[in-house]
Amino acid sequence: MASIQIENVQKAFGKTIAVNHLNLDIKDGEFFTFLGPSGCGKTTTLRMIAGFYYPTKGVVRFGERDMTRVPPEKRNTGMVFQNYALFPHMTVFENVAFGLRVRKVSAADVKGKVLEVLRKVRLENYSNRQVSQLSGGQQQRVALARALVIEPEILLLDEPLSNLDAKLRDEMRAEILRLQRDYKITTIYVTHDQAEALSMSDRIAVFNYGVCHQVGTPAEIYNQPANDFVASFIGEINLLPVQVNRVEQENIAVTLKNDGEPVKLIVHNHANEGELNKGDLAVSIRPEAIRILDTAEDQTNVLKGKIEAVQFFGSIVNVLVQVGHVTLRVDVLNTHEFGYFYQGKDVYVELPEKQLRLIPVISGDAND
Amino acid sequence: MPMIKNRDTRLTIWLLIPVVFVLVAYVLYPSLRTFFESLQKDGAISFGNYQDFFVQESKTNLEALWNSVYISILSVFVSALIGIPLAIIFNRYDFPGRSFFSTAAILPIVLPSLVGVMAFMFLYGESGMIPNAMKDLFGLEKVPFKIGGVSGILIVHAYTMYVYFYMTVSAAINKIDPSLEEAAYNLGANKFKVFWKVTLPLLTPAIVAASLLVFMISMASFSAPFLLAGGYRVLSLQIYFSKINGDMEIAATQSVILSIVSISFLLFMRWYQNRKDYRMATKGIGAHRSEVKNPLLKWVMVGFGMIGVLVLLLPHFTILLLSLVPDGTWTWQTYPSVFNVENYRLLFADPNIFKPLKNSLIMAVIATVGNLVFGVIASYVLVKRKFVGKSFVDILVMIPWALPATVIGMNLVFAFNEPSVFSFGQILVGTYWILPLAYFIRHIPLVVRSTNAVLEQLDDSIEEAARNLGAKWFYTFRKVILPIIMPGVLSGTLLAFIESVGEFPTSVLLYTISNRPISIEIMNQLRMFNMGQAAAYGMIQITLIVIVLFISNKFFGIKAEKAL
C-alpha cells in the first residue's frame, strides 16, 4: 500500500503537451478517479504512474520513494487495461500466475494464491479455460485477478468497464468496489463516465486539455464545481453568463448577459470572491434545484417563463422553460401527477439563491 | 556515446544495431558496389557504360529493356483478364463446387517457377504433348501450335501471375460493405450501373496494386525467359549472359537500370498504398454471394470451372508423369511408353543424384533460420519501437523484394568477390556460404512482412501488461510476444524455406560445382535430356510446398499464400 504524490508534472509528446502543471496527492488506500473527456491527459497521467511514460518534468513518488524514472516492471503496480490485455496463448490460471512466476514464487504458493484470487473474483471453476472462451465480464475479472494477485501497492484501472454492456457494467462496478475495499489498496480509476466516477470514488480529479481543473469528493465536485467545464462535464447544469453588479457580505447581485430585458438575480456569496475579477463569469444551477411555481410568490429570483418542451425520463420529468432569451432545464421528480406541465403553459421558476453559484467561465462556450 | 536516460531507448538501439548491420552489409553495400562497378569504364570513372547501353549501335540492350517492358505490360493485361473475372465470379456467385474451384485457383503457387516452365515446355512446346496429341488426333501434317519466345513467356506469366490479381481482388471484394451496393440499387441504379459506378471503382486500388506487382515480378522474371525465350532478349537474361561472357561492367550497368525500373515501381506502389484509403473498413462484413438459379448457366459455370481446374492442374500432372518416365526410354517416340519409379529410386539411392537435394535442403535451412531470427528482431523493432530513420530501415528491408533476383545475385558477385569488412575479410564468391547468403537476402522481405502482419495485430497493451506484472523485456519477449506471434512467423518462414529450396536465378549466378542446388541440377538434367530425373526433383519440390501449405492452414490457421 502506498500513497502517491505527483509534483509539478508535465508530459510533452514532441510539441504537444499532454499533461501540464499537475499536482496530485493520492492517499494510502484511497479510491481515486481521473475523470475527463478523451484526450484530456488522464490516461497519460495513469501511464506515468505505471511507468510506461516518464514525465518530461516533475516528480512521481510512491510514499517516500521517487519513482519518476523507475521502469514499469519494478514498480509493483497492478494494472487493468481497457482491452484487458490478457495473454491469448495462456489459460486463465497461467494468466493470473504470470506475475507470480516472474517473481519466482514457488509452484505450490503460485497455485494457492492464484486459486484464492480466482475465488475472490468468482472464477474458481474457470482456471483451465482459454481466455478466448470467456465472456467480456469474465475476461474483465481475470484481468482484475491478474493485477491483484501480485499484491500490488497500487491498482491502476484504465477505463476497465468501457467494453462491457450496461448491465454487466453495474455488476462489475460493484465487484471492483468490493475487491478494493477487501484489499484496501490504493486505486486509481480512469474513466470518462461521470456516473461511474461519482458513484465509486473517494475523490475525483477532473481533467481537460492536460490540466486538472478540480480535485474533490464526488459531492464537492457535483455541488461546488470550480468552473464551467467541471460544472457542465459532470451532470446536467444550467449555465447563465452574468455580469456582477455589486458584492455584499451575504449576497452578490448579478445581471444576466442577455439580448432581451435585463434579468437580475441574487446569488448567495459562497466565499469565492477571489474568482470574481478573473474575466467572464456565469451562474450555475442544477436542473433539480430549480422549482416551478404556478404563481409569482413574492420571493427573490422568481422569473416568469413559458414551458417549451416536456420530456419524460421515468423517475424524473425534464421540463424546458423559456425565460426571456434563455432556456432553463428543470428536473422534476415524477410524483405521478406531472400532467399539468404541458408545452406552452405559462409558469414561474424559482432559482434559490443558495443553489446558485457564481463560477468563472474558462471554456468560452458556457452555453453548450 | 551520450548518456541515454531511457532504458527502452537503449534497448531499441541494441536491437537496431544488428538489424542495421545486416541490412547495410548485405543489402545496401552490395547494391552500391554494383552501382560503383557500372561507373567503371576502361579503368576510369564515367557514365560511359550507360552511354553504351542507350546509344550502342547494335541496340541489343535497349531492345532487351524494351522487350522486358513489353512482356511485362502484356503479362499485366493477360493476368488481369484471367484473375479479375475469376475473383468476381468466385466471390459473388454461388454454384456447386465454388469453394473447391476457388481454392484450386491458387494452384499455380504450388509450382516452383523453374519446374513450372519445364512443365509448360513439355506440354505446349515444339515436341509438347498437347500440340502433338492434336496433330495425331486430327491427322495434321505439323503441330497446330507451339509456344516459344514471347508467347511462351507470356503464357507462363499468365499462368503464374493471374493469382496475384485473383487474390488481391478477392480480398478487396470481401471488404466491400454490401450496403454500399444496396444503397446504389435503392437509389435506382441497375445491375450494370452498380457494377461500373460502385463496385469497380471500389476495386480499383486493388487492381492497381496487383498490376504494379505483376509488372515488377514480370520485369524480374528469369526462369521463363531462360528456358523459353529462344533468341528473344529480355533484360534479366541479358545480365546473366553478360556475366557469363565476363562483361562485368556491362552486367553491372544492366543491373542498375533494371533496379531503377523496379525500385521506382516499388516507390510508386508505396505512395499509392499510403494515400488516404476511401474503401470502407467496416468490420465483420459477411461475403454475400448470390446463388446462380438458372440451371443452364449454373452447369455451364461448373463446366468451365472443371475445365479451368484441369488446365491449372495439367502442369502438375505433366511433372508427375515425366517423373515416372525412366531416362533413356523416351527418345524418338511422340509419347513416353515406360513408367516406373526408377527416378525416385535413383534419387535416394544414387548419392550423386541425391546430393543436390541434400545441398538445397541444408542451405535452405541455414538461410531460413537466419531469416527467422533476423525477421523477428527487425519486425519487432519496426512495428513496436519508435526511432529516427524508421522509414529508411523500412525501405532497406523492402529492397530485396523490389530487386530482381538476378540483380541480387549480381550485387553479391560484385560485393563479395573480394575481401570486405562485411565478409570478415573473406572472399565469399566461390565458397559454400554465398548461396545461403543469397537465399537469406532474397527472403528478408517475405519473413519481415509476414511477421509485421502478426505484430501489428498484437496490441501494445499485451507487452505492457507483462511489464506491469514485473517481467523484464527479454522475459516478456520470450514468454509472451514470441509464443503469440509464432504461428504467423512460422508460416512466412516456411514459405521462405520452400522458395529457398527451389531458388533458381541467384543460384545460377553464384553456385559452385561442388555445391550444386536442386534447381541447377534440374537445369543440367534438362540439358542432358534427362527429363525424368529433372521432373523427379520437381515433384519433390511440389510435395514440399503442398506439405508447407497444408501445415500452415491446418496448424497455424493461416493462409500462407497471403504472405506472398
Side-chain angles (χ1 to χ4, degrees), chain A residues 13-14 43 46-47 49-56 68-90 94-105 131-132 142-160 163, chain B residues 2-15 283-284 376 380 383-390 451 453-491 555-558:
Chain A
F13 296 103
T43 297
L46 188 81
R47 293 172 66 84
I49 295 171
F52 298 128
Y53 296 152
Y54 296 155
T56 314
T68 316
R69 290 189 173 278
V70 173
E73 62 266 26
K74 294 191 178 157
R75 296 201 177 201
N76 202 28
T77 61
M79 181 150 168
V80 175
F81 292 78
Q82 187 170 5
N83 61 358
Y84 319 137
L86 298 179
F87 305 132
H89 60 302
M90 298 182 188
E94 288 167 330
N95 260 284
V96 178
F98 185 88
L100 296 173
R101 287 183 175 152
V102 170
R103 285 169 175 71
K104 306 225 158 48
V105 175
V131 289
S132 56
V142 176
L144 260 172
R146 188 177 69 175
L148 287 170
V149 78
I150 59 171
E151 293 163 25
E153 293 183 60
I154 297 158
L155 183 63
L156 304 171
L157 305 164
D158 185 7
E159 309 227 9
N163 286 337
Chain B
M3 254 283 283
I4 295 152
K5 285 179 286 183
N6 194 326
R7 294 155 46 104
D8 277 319
T9 316
R10 214 156 45 205
L11 177 70
T12 307
I13 292 171
W14 280 117
L15 291 172
K283 273 186 188 168
V376 168
Y380 176 81
V383 175
K384 295 291 179 195
R385 297 271 152 174
K386 290 196 186 98
F387 57 91
V388 186
K390 185 182 264 190
T451 310
V454 275
L455 270 177
E456 277 158 10
Q457 298 284 310
L458 182 73
D459 200 286
D460 290 349
S461 62
I462 294 277
E463 187 177 343
E464 286 169 359
R467 307 283 305 272
N468 175 258
L469 292 167
K472 289 211 172 66
W473 177 81
F474 190 60
Y475 187 91
T476 307
F477 192 74
R478 264 188 322 132
K479 295 280 184 169
V480 178
I481 298 177
L482 268 189
I484 296 175
I485 63 171
M486 238 344 148
V489 177
L490 280 185
S491 76
F555 296 103
F556 306 145
I558 286 167

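No hydrogens, no waters, no symmetry mates; every other heavy atom, side chains included, goes into these values. Order of the sequence lines fixes the chain letters, A, B, ..., with proteins taken first and strands second; residue numbering starts at 1 for each chain. The model shown is predicted, which means the values in this text are computed figures rather than measured ones.
Residue-environment remark: CZ (B:F474) stays at or below the threshold of 12 foreign heavy atoms within 6.0 Å. The environment of NZ in B:K384 is crowded: more than 12 heavy-atom neighbours from other residues, nucleotides or ligands sit within 6.0 Å.
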Worksheet item: Run the side-chain contact (heavy atoms from CB on, under 4.5 Å) check on B:N468 and A:F52 step by step: do they pass?
Response: CA-CA 9 Å; B:N468 175 258; A:F52 298 128; 4.0 Å; yes

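Contacts classified as salt bridge (Lys or Arg N to Asp or Glu O under 4.0 Å) and involving residues 73-88 of chain A (residues at least two apart or in different chains) are given here: A:E73-B:R7, A:E73-B:R467.
Panel note: side chain A:H89, backbone B:I485; no donor-acceptor pair is recorded below 3.5 Å.
Nearest heavy-atom pair, B:K479 versus A:M90, reported as atom, atom and distance to 0.1 Å: O-CE, 3.7 Å.
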Under 3.5 Å, side-chain donor or acceptor atoms of residues 97-105 of chain A against the rest of the protein: list the pairs with distances, not counting sequence neighbours.
from: A:R103; atom 1: NH1; to: A:G99; atom 2: O; distance (Å): 3.1
from: A:R103; atom 1: NH1; to: B:L469; atom 2: O; distance (Å): 2.5
from: A:R103; atom 1: NH2; to: A:N76; atom 2: OD1; distance (Å): 3.1

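Of the atoms belonging to A:R146, heavy atoms from both backbone and side chain fall under 4.5 Å from chain B.
A:Y84 OH to B:I462 CD1: the interatomic distance, rounded to the nearest 0.5 Å, is 13.0 Å.
The most heavy-atom pairs under 4.5 Å with chain B, out of A:A143, A:A85, A:G51, come from A:A85.
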